[in-house]
Asks: 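Sharing a structure below in structure tokens format, with a few things to ask.
All residue numbers refer to positions in the sequence shown, counting from 1. This structure is a prediction, so every number in the text was calculated from the model and none was measured.
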Amino acid sequence: MSDSTTNSDPLLSQRDVLNPYRIGLGFMLRRLKWDLNPQSWRSRAVLRARKDSHAGQKAVILCNGPSLLKVDFDALQRSGVYCFGLNKINLLFDKTSFRPACVVAVNPLVLEQNQGFYNETDLPLFLDSHAASFVKGRPNVAFLHSNVFPIFARDVSISLFQGYTVTFVALQLAFHMGFREVALVGADHNFATKGPANKTVVSGEKDESHFDPNYFAGGVKWQLPDLFQSEVAYTMARDMYAAFGGRVVNATEGGKLEVFERAALTEFLQNSSGA
């Protein structure tokens, strides 16, 4: 078997022996390196200041599926509800005057491809610490540290688990900020491009799996989704919110995500306490 085949398949590239010492040491060294970075101190202060800052309010997470274009953004803007934008949500900005309250991104390929926007925008950003080497640290930017332990972090100021999807990161961040009622829109949980989970592939001429045909297009690299592991993470989020008297609903029009109860966005926004 050629090296190129091995490198292109995430299953074949895994080590044959699970060594907890190697994994633990590697994680500790990466953590120590991040803790010595001044951006980690600044980011932790920003995140701690955000803790429970929106207690008692509702939030909407704008996911990246094609159905996101069905959302009534004028109504969403009028509601005043706090909205999390994800990844390349800025590709929506030429279609509407609506802007999310913040943007969350953690995938290395997305961060690198969209770094121009992240370096220019004044919107609050929550980015994986991988981006600290090419995104300017400034007051509106907080870097998140990711770990390998499959836990829902109720306080993200130290670390969080990515759960194979940026939506899970946003759900943890929302909980950290005090939101206990959260709705997802654009969570189609269904991709036109098929292949092994987490495999890095090269995009075609246009993207049919996201809300904008240029999201992953023109030969850029992106990672295929891991829908099963995402559902495992979503289940953790659903149960954690419920344990604290909250709920996560799926207000997406259509799609295949059934982990969360379904609700119409208009129904969710009723009696919203806003941002």
Side-chain angles (χ1 to χ4, degrees), residues 43 45-65 67-93 95-106 117-118 121-128 139-144 152-157 160 163 165-187 211 234 237-238 240-242 244-253 260-261 263-275:
S43 295
V46 171
L47 291 167
R48 285 175 174 164
R50 292 272 191 160
K51 187 75 169 73
D52 296 325
S53 57
H54 293 275
Q57 298 177 13
K58 293 181 178 181
V60 173
I61 297 176
L62 309 174
C63 302
N64 301 309
S67 67
L68 183 63
L69 298 179
K70 299 179 181 179
V71 171
D72 184 344
F73 288 102
D74 290 336
L76 197 57
Q77 189 164 331
R78 287 194 301 271
S79 74
V81 72
Y82 191 101
C83 293
F84 292 82
L86 306 181
N87 289 350
K88 298 182 180 181
I89 188 65
N90 50 296
L91 294 177
L92 187 73
F93 291 177
K95 301 178 179 67
T96 174
S97 62
F98 168 85
R99 297 292 183 267
C102 69
V103 179
V104 185
V106 294
F117 167 72
Y118 301 140
T121 185
D122 292 327
L123 289 172
L125 300 176
F126 298 95
L127 309 177
D128 185 77
N140 65 310
V141 180
F143 295 108
L144 305 167
F152 183 97
R154 303 196 304 271
D155 184 330
V156 303
S157 62
L160 53 77
T165 168
V166 65
T167 306
F168 183 67
V169 174
L171 284 166
Q172 292 170 93
L173 186 59
F175 194 101
H176 172 95
M177 294 167 67
F179 297 106
R180 292 298 179 268
E181 288 195 74
V182 179
L184 308 181
V185 294
F211 66 83
Y234 288 150
R238 180 197 65 194
M240 186 63 74
Y241 272 83
F244 282 80
R247 64 171 182 154
V248 179
V249 301
N250 183 6
T252 301
E253 287 195 37
F260 305 108
E261 64 176 292
L265 183 60
T266 51
E267 173 190 331
F268 177 82
L269 293 177
Q270 288 178 356
N271 304 317
S272 171
S273 56

Asks: Give the ring-plane orientation class for F98 versus F73, where under 30° counts as parallel, over 60° as perpendicular and anything between as tilted.
Replies: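 Tilted, since the angle between the ring planes falls between 30° and 60°.
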Asks: Are the side chains of V60 and V182 in touch, meaning some heavy atoms are under 4.5 Å apart?
Replies: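 With C-beta onward as the side chain, the pair stays apart.
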Asks: Check whether any side-chain N or O of T252 sits under 3.5 Å from a backbone N or O of A187 as a donor-acceptor pair, and report yes or no.
Replies: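 Such a contact is found between T252 side chain and A187 backbone.
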Asks: Measure from the side-chain N and O atoms of H176 to the backbone N and O of L47, and report whether any donor-acceptor pair falls under 3.5 Å.
Replies: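 Flag set: sc H176 to bb L47 pair under 3.5 Å.
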Asks: Between K51 and G178, is there a donor-acceptor pair closer than 3.5 Å when you use the side chain of the first and the backbone of the second?
Replies: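 Pair absent, no side-chain N/O of K51 close to backbone of G178.
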Asks: Counting N and O atoms only, with roles assigned by atom type, does the side chain of T121 sit under 3.5 Å from a partner on the main chain of Y118, one being a donor and the other an acceptor?
Replies: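 Looks like no, no N/O pair under 3.5 Å.
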Asks: What about F143 and F126, are their ring centers closer than 6.0 Å?
Replies: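 No, the ring centres sit 6.0 Å or more apart.
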Asks: Show the nearest heavy-atom pair for residues L86 and L62, with the distance to one decimal.
Replies: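 Shortest heavy-atom contact: CG-O, 3.3 Å.
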Asks: Among D128, V169, L173, L171, exactly one meets side chain to side chain contact (heavy atoms under 4.5 Å, CB included) together with L160. Which residue is that?
Replies: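 For L160, the side chain to side chain contact (heavy atoms under 4.5 Å, CB included) test succeeds with only one of D128, V169, L173, L171, which is V169.
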Asks: Is a donor on one side and an acceptor on the other found under 3.5 Å between the side chain of R154 and the backbone of Q172?
Replies: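 Side chain of R154 to backbone of Q172, a donor-acceptor pair under 3.5 Å: no, none is there.
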Asks: Can you list the residues that meet the side chain to side chain contact (heavy atoms under 4.5 Å, CB included) rule with R247, with sequence neighbours excluded?
Replies: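 Side chain to side chain contact (heavy atoms under 4.5 Å, CB included) list for R247, sorted by chain: E181, V249, E261, F268.
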Asks: Counting distance only, does the side-chain N/O of D52 pair as donor-acceptor with the main-chain N or O of A55 below 3.5 Å?
Replies: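 No, D52 side chain to A55 backbone: no donor-acceptor pair under 3.5 Å.
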Asks: May I ask you to decide if the ring planes of F84 and F179 are parallel, tilted or perpendicular, using 30° and 60° as cut-offs?
Replies: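 Perpendicular, since the angle between the ring planes exceeds 60°.
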